Protein chains: 2
Amino acid sequence: MIFSSELIKGTLKTILLKLLADNSKMYGYEITQKVKEMTADRIQLTEGALYPTLHALEQEGLVTTQIEYIGKRVRKYYSLSPAGKSRSQEKLSEFADFVNTMKILLDLDLKTA
Amino acid sequence: MIFSSELIKGTLKTILLKLLADNSKMYGYEITQKVKEMTADRIQLTEGALYPTLHALEQEGLVTTQIEYIGKRVRKYYSLSPAGKSRSQEKLSEFADFVNTMKILLDLDLKTA
DNA sequence: CAAAGATACATAAGAAACCAATGCATTTAC
DNA sequence: GTAAATGCATTGGTTTCTTATGTATCTTTG
C-alpha cells in the first residue's frame, strides 16, 4: 500500500467485505485494480496481504470460492456468504463509529480536508 | 483498547501528537484518562502500547520530557518539540486524507453514522 | 517472433505495532 | 489496613502487513 500504510492496517478485511457486498463475485487481481482505481492509486493492495486475508475470510466462512478457467488461466472468484453479508455491515458501522470517535479526538473537519 | 482495536492500529502516534499539540505538557497516565474521557470509554490506551510509543517519539526528537515530583511520586511530562508540532499537523492531514479515501471506498455517510 | 509487461495465482521470512501480563512504588478512600 | 487509583515501565506473544520470491499464461509492440 503506497498511501499511509500504517493507517490502513486493520482495514483490509473491511475493504474486502464491502467490495464483495457490492459485487456478487470478484477475483484477487480484480480487487487490487478496483481498489487502486477507486482510490486514485493511493491504496495499492499487495498480493502478500491480499491472498492470506482472502483465505482467512474463507476459513471463517465469510466468503465462498468458485474457480473458473479463462483459456488455461485459473481465476478464483470470491463471493460473500450470508454470514459474510452481515459481517460486512458490522464492519462498516464499526469503521464509521471509529472514524466519528477519531473526529472528536483529533478535532477534524472532514468536509474541507 | 476496548473499541475496534484492530482499527486503531497505526493511529496512536497521531493521537499522541494531537493531544500534545493541544496541551503544552501531559504525562502518560493523564493521556490515558483524557483519551478515555474524550471517547466515552471507546478507546482505552494500554500502557504496553503507550509508553513504548512515547519513548519512540522522544527518540525521534518529536517530544521532549521533563520530570516532576508530586510528593514522592515521579511524574514524567511530555511536550512537543518544534519538529513535533509540524509532524503533528502532517499526521493530522494524513489521517484526514486517509478517511476521505476510505469514505469513497466504503461509500460511507459519516453524518449519520 | 521475441521480449516485456500485464494478468493471475500463491507462499515464506521478517518487521512493525499492539495486547495482556507483570512488576514496582505511592497515594487516597473506605 | 487494605483495596483502588495513580504513575512509571518492560517482556513475551500475536496479529497483520511488507518484501521477496516462485510459477504460469496472455497480450502488446518493435
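This one's a predicted model, so the numbers in the text were calculated from it and none came from an experiment. Because only heavy atoms are used, hydrogens play no part in the values below, and waters and symmetry mates are left out as well, while side chains stay in. Below, chains carry the letters A, B, ... as their sequence lines are ordered, and counting in each starts from 1.
A salt bridge links B:Lys91 and A:Glu6; the closest N-O separation between the charged side-chain nitrogens and carboxylate oxygens is under 4.0 Å.
Atom pair A:Ile8:CD1 and C:dA17:P shows a separation of 14 Å (rounding to whole Å applied). The nearest whole Å value for the distance from the CG atom in B:Leu57 to the P atom in C:dC18 is 11 Å. Rounded to whole Å, the distance from CD1 on B:Ile43 to C1' on C:dC19 is 15 Å. Rounded to whole angstrom, the span from the CD atom of A:Gln44 across to the P atom of D:dT19 amounts to 12 Å. Going from atom CD of B:Glu58 over to atom P of D:dA9 covers 9 Å, rounded to whole Å. Put simply, CD on B:Glu68 is 17 Å from C1' on C:dT27, counting in whole angstrom units. Rounded to an integer number of Å, the gap from B:Leu7 CG to D:dT15 P is 17 Å. Taking atom CD of B:Glu6 as the reference point, atom C1' of C:dC18 lies 12 Å away to the nearest angstrom.
Here the CE-CG distance, from A:Met38 to B:Leu106, works out to 8.0 Å after rounding to the nearest 0.5 Å.
Nearer to the 5' terminus of DNA chain D, by closest-nucleotide assignment, is the contact made by A:Leu50 (compared with the other of A:Leu50 and A:Lys72).
A:Thr101 places a side-chain N or O within donor-acceptor distance of the main-chain N or O of A:Asp97, the cut-off being under 3.5 Å. For A:Arg42 (side chain) and A:Thr39 (main-chain N/O), a donor-acceptor pair under 3.5 Å exists by modelled atom type.
Using cut-offs of 30° and 60° for the angle between ring planes, the A:Tyr78 and A:His55 rings count as tilted.
Contact check for B:Leu108 versus B:Met102: no side-chain heavy atoms found under the 4.5 Å cut-off.
For C:dC19, the OP1/OP2 oxygens have a side-chain nitrogen or oxygen of B:Thr46 closer than 4.0 Å.
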Treating primed atoms plus P, OP1 and OP2 as sugar-phosphate and everything else as base, which nucleotides of nucleotides 8-15 of chain C get B, S or - for protein heavy atoms under 4.0 Å? SBBBB---
